[in-house]
Engineer: 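Okay, here's the structure, questions in a sec.
All values below come from the heavy atoms of this structure, side chains included, with hydrogens, waters and symmetry mates left out. Count residues from 1 along the sequence.
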Amino acid sequence: MNKTIKKLFFCLTFLGLTTGVYAAEEVDKKDPYVMIRTVADITFKRFANEQSAIRGEPNLLKTIVREELMPYINYQYAAYKVIGSNFKKTNKAERAEFVPAFREYLITSYAQVFTLYNNQKVEFAPARDFSDERVVSVATSVIEPGREPIDISFRVRKNKKTGEWKAYDMVAEGISLLDSKQAELSSLIRQKGLSHVTEMLIEKSQKSISFK
């Protein structure tokens, strides 16, 4: 994983990987600012509560991500964005296999970087009016003593049918995670096909989490 992608994944952990004492359905997904702040706040509570268990079995992080983070990520939309201009060269069956593979790849990637969590503080910018918006950016800053703050914006998209918001991208210091993943995988999709990339992501997603 190159430094840019690693940094982006590290920042994305601050979106929140758990619903802690709240059930997923109790998180307000009709307000993108409240949703992200709530999920982020309760992330650190569960991480602290399960720290010893996670140290004993790092793959528990995958479980936490799968159960708690993914309900707030529009991974299908993100997967289709990664396919990008190659979309017309793929078929429905290939895309149906790629989306869950991409989802599991994200789970493993987020879980691995979450091992870097060390009680960093997160500050949220004030909410703005989103009543007429379909996509909003929720701005935050990650504060760590001795380092410059890292400015992060979460791109959150509204579902027309349900009115619920889900995150699909993150921009850290001007660098888009989604654009980076598209650049990384697009040429492979074009050269070797979507099925090849799907198999590659499945293999990557099966790697165990480890503290380095």
Side-chain angles (χ1 to χ4, degrees), residues 1-29 32-75 78 100-124 138-154 156 165-170 172-173 177 180-181 201-212:
M1 184 181 294
N2 64 46
K3 290 183 179 179
T4 298
I5 297 300
K6 184 175 181 180
K7 185 175 184 180
L8 285 165
F9 275 134
F10 174 65
C11 294
L12 187 56
T13 63
F14 296 98
L15 175 61
L17 304 185
T18 176
T19 54
V21 296
Y22 299 99
E25 62 270 14
E26 293 178 342
V27 175
D28 184 2
K29 289 182 281 188
Y33 295 94
V34 171
M35 180 192 73
I36 286 184
R37 183 164 195 140
T38 302
V39 175
D41 284 346
I42 57 187
T43 293
F44 308 114
K45 293 180 182 179
R46 178 162 177 187
F47 187 88
N49 290 340
E50 300 189 25
Q51 184 62 56
S52 60
I54 291 169
R55 285 285 177 176
E57 177 47 75
N59 281 328
L60 177 58
L61 287 171
K62 286 190 182 184
T63 300
I64 295 173
V65 173
R66 183 177 292 110
E67 295 178 352
E68 311 296 354
L69 173 61
M70 299 318 288
Y72 309 103
I73 300 293
N74 190 340
Y75 57 85
F102 184 74
R103 177 180 183 271
E104 291 301 309
Y105 169 65
L106 290 180
I107 289 170
T108 298
S109 299
Y110 298 158
Q112 180 58 55
V113 179
F114 196 50
T115 62
L116 301 175
Y117 170 69
N118 188 30
N119 294 314
Q120 292 86 349
K121 181 182 178 182
V122 182
E123 294 182 351
F124 295 84
V138 180
T140 69
S141 291
V142 176
I143 311 298
E144 187 169 359
R147 296 185 179 182
E148 290 293 320
I150 301 175
D151 293 326
I152 305 166
S153 292
F154 296 103
V156 192
W165 294 79
K166 287 188 176 182
Y168 71 93
D169 190 18
M170 184 211 68
E173 299 182 332
L177 170 64
S180 297
K181 299 314 296 178
L201 295 185
I202 291 174
E203 182 177 349
K204 288 179 177 293
S205 70
Q206 293 173 344
K207 293 182 178 180
S208 292
I209 304 304
S210 61
F211 284 88
K212 298 179 180 179

Engineer: Determine the minimum heavy-atom distance between I143 and P149, stating which atoms define it.
Structural biologist: CD1-CB, 3.7 Å

Engineer: Within a 6.0 Å radius of atom CD on E57, are there more than 12 heavy atoms belonging to other residues, nucleotides or ligands?
Structural biologist: yes

Engineer: OG1 of T140 to CD1 of I152: how many Å apart, nearest 0.5 Å?
Structural biologist: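 These two atoms lie 4.0 Å from each other.
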
Engineer: Return the CG to CD1 distance between N49 and I54, rounded to the nearest 0.5 Å.
Structural biologist: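 Rounded to the nearest 0.5 Å, the CG-CD1 separation comes to 9.5 Å.
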
Engineer: So how far is it from L69 CG to L61 CG, rounded to the nearest 0.5 Å?
Structural biologist: 12.0 Å

Engineer: Which atom pair, heavy atoms only, marks the closest approach of V156 to P32?
Structural biologist: CG1-CB, 4.0 Å

Engineer: Which heavy atom of F102 sits nearest to which heavy atom of Y75, and what is that distance?
Structural biologist: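 Scanning both residues completely, I find the closest heavy atoms to be CD2-O, 4.0 Å.
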
Engineer: Could you tell me which residues satisfy side-chain contact (heavy atoms from CB on, under 4.5 Å) with S210, sequence neighbours excluded, listed by chain and number?
Structural biologist: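 S210: side-chain contact (heavy atoms from CB on, under 4.5 Å) contacts with Q112, K212.
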
Engineer: Got a sec, which residues hit side chain to side chain donor-acceptor pair (under 3.5 Å) with E50, two or more places apart in sequence or on another chain?
Structural biologist: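 E50 satisfies side chain to side chain donor-acceptor pair (under 3.5 Å) with R46 once adjacent residues are dropped.
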
Engineer: To the nearest 0.5 Å, what is the distance between CD1 (I73) and CE (M170)?
Structural biologist: 10.5 Å

Engineer: Kindly indicate whether the side chain of I36, heavy atoms from C-beta on, has any atom under 4.5 Å from the side chain of W165.
Structural biologist: no

Engineer: Kindly write out the residues that satisfy side chain to side chain donor-acceptor pair (under 3.5 Å) with R66, not counting sequence neighbours, or none if the list is empty.
Structural biologist: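 In terms of side chain to side chain donor-acceptor pair (under 3.5 Å), with neighbours along the sequence ignored, R66 is linked to E104.
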
Engineer: Any idea which heavy atoms bring T108 and I209 closest together, and the distance?
Structural biologist: O-CD1, 3.7 Å

Engineer: For I202, what residues pass the side-chain contact (heavy atoms from CB on, under 4.5 Å) criterion, not counting sequence neighbours?
Structural biologist: A101, T198, Q206

Engineer: Taking all non-hydrogen atoms of both residues, which atom of K62 and which atom of K207 are closest, and how far apart?
Structural biologist: NZ-O, 2.8 Å

Engineer: In the structure I gave you, are the side-chain heavy atoms of D28 and T38 within less than 4.5 Å of one another anywhere?
Structural biologist: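 No, their side chains stay 4.5 Å or more apart.
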
Engineer: Going by ring pair (Phe, Tyr, Trp, His ring centres under 6.0 Å), name the residues that satisfy it together with Y168, two or more places apart in sequence or in a different chain.
Structural biologist: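 Result, ring pair (Phe, Tyr, Trp, His ring centres under 6.0 Å) vs Y168: Y77.
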
Engineer: Does S141 have any side chain to side chain donor-acceptor pair (under 3.5 Å) partners at least two apart in sequence or in another chain, and if so, which?
Structural biologist: D151

Engineer: Do you know the tightest heavy-atom contact between M35 and K29?
Structural biologist: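 The answer is SD-CG, 3.9 Å.
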
